[in-house]
Amino acid sequence: MTRLNSNQVIALLLALLAVGYLAMAWQIPSFPLPRPIDSDLFPKVLGFTLLGLSVLLFLEKPKAQDVPEALDPEEQQQPLLLRPWSRVVVTAISLAVYAVLLVPVGFVLTSVGLVFGLAAYYGYRRHWINLATAVGVVLALYLTMTRVMGVYLPTGVLPI
């Protein structure tokens, strides 16, 4: 029996996630009136797409250049929070904090904080331009979603 490589292990985990997601997608009730596209179509397409991509990932053969032989000494000299795996962890924690604070603080403030904070963390040092861009993009998204599309987004502490 051959040993599974890391891509195959990730593919199996993604396939399990896709099967669970598809099981939940089949539980979505149909709309009482007949129509060509129902509310369960997009989740089912998304689940089958994830399942197909996980099969393709499982079947992919790793190339020699994909497997690093040793850790880069230049990478080891960096501070712990600036190493590549640390950046992935910090970004994941930032997204979790964003999700927790979204309703109590509001979409605008949490989104500006996330965009500004991650851009500064990843090395963008022109803070005023970073802040102006974060506020402009987030406000444009917020106003488009709430005023034009009629989507409810949490206002939080701001009276928008």
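From Q27, atom CD reaches atom CG of L22 across 11.5 Å, with rounding to the nearest 0.5 Å. The structure places CG of N5 at 9.0 Å from CZ of R3, a figure rounded to the nearest 0.5 Å. For the atom pair CG of L12 and CG of L17, the computed distance is 12.5 Å after rounding to the nearest 0.5 Å. With values rounded to the nearest 0.5 angstrom, K44 atom NZ is found 7.5 Å from I28 atom CD1.
At a threshold of 4.5 Å between non-hydrogen side-chain atoms, the residues L50 and Y21 do not count as touching. Looking only at side-chain heavy atoms (C-beta outward), Y124 and R126 come within less than 4.5 Å of each other. The shortest distance between side-chain heavy atoms of T49 and L53 falls below 4.5 Å.
When hydrophobic clusters are built by joining Ile, Leu, Val, Met, Phe, Trp and Tyr residues whose side-chain heavy atoms come closer than 4.5 Å, directly or via intermediates, I10 is not grouped with L56. Linking Ile, Leu, Val, Met, Phe, Trp and Tyr whenever their side-chain heavy atoms come within less than 4.5 Å puts V97 and L95 in one cluster. V19 and F48 fall within a single hydrophobic cluster, where Ile, Leu, Val, Met, Phe, Trp and Tyr side chains are chained together by heavy-atom contacts under 4.5 Å.
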Using distance only, find each side-chain donor-acceptor pair of residues 100-123 under 3.5 Å and give its atom names and separation, not counting sequence neighbours.
| unit_1 | atom_1 | unit_2 | atom_2 | d |
| --- | --- | --- | --- | --- |
| T110 | OG1 | G106 | O | 2.6 |
| T110 | OG1 | F107 | O | 3.3 |
| S111 | OG | Y98 | OH | 2.9 |
| S111 | OG | F107 | O | 2.8 |
| Y121 | OH | L81 | O | 2.3 |
| Y122 | OH | R87 | O | 3.4 |
| Y122 | OH | T91 | OG1 | 2.6 |

Can you give me every donor-acceptor pair (side chain of residues 135-156, partner residue at least two apart or in another chain, under 3.5 Å) with its distance?
| unit_1 | atom_1 | unit_2 | atom_2 | d |
| --- | --- | --- | --- | --- |
| T144 | OG1 | A140 | O | 2.7 |
| T146 | OG1 | Y142 | O | 2.7 |

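Annotation for S54 and A11: closest pair O-CB, 3.2 Å, computed over non-hydrogen atoms.
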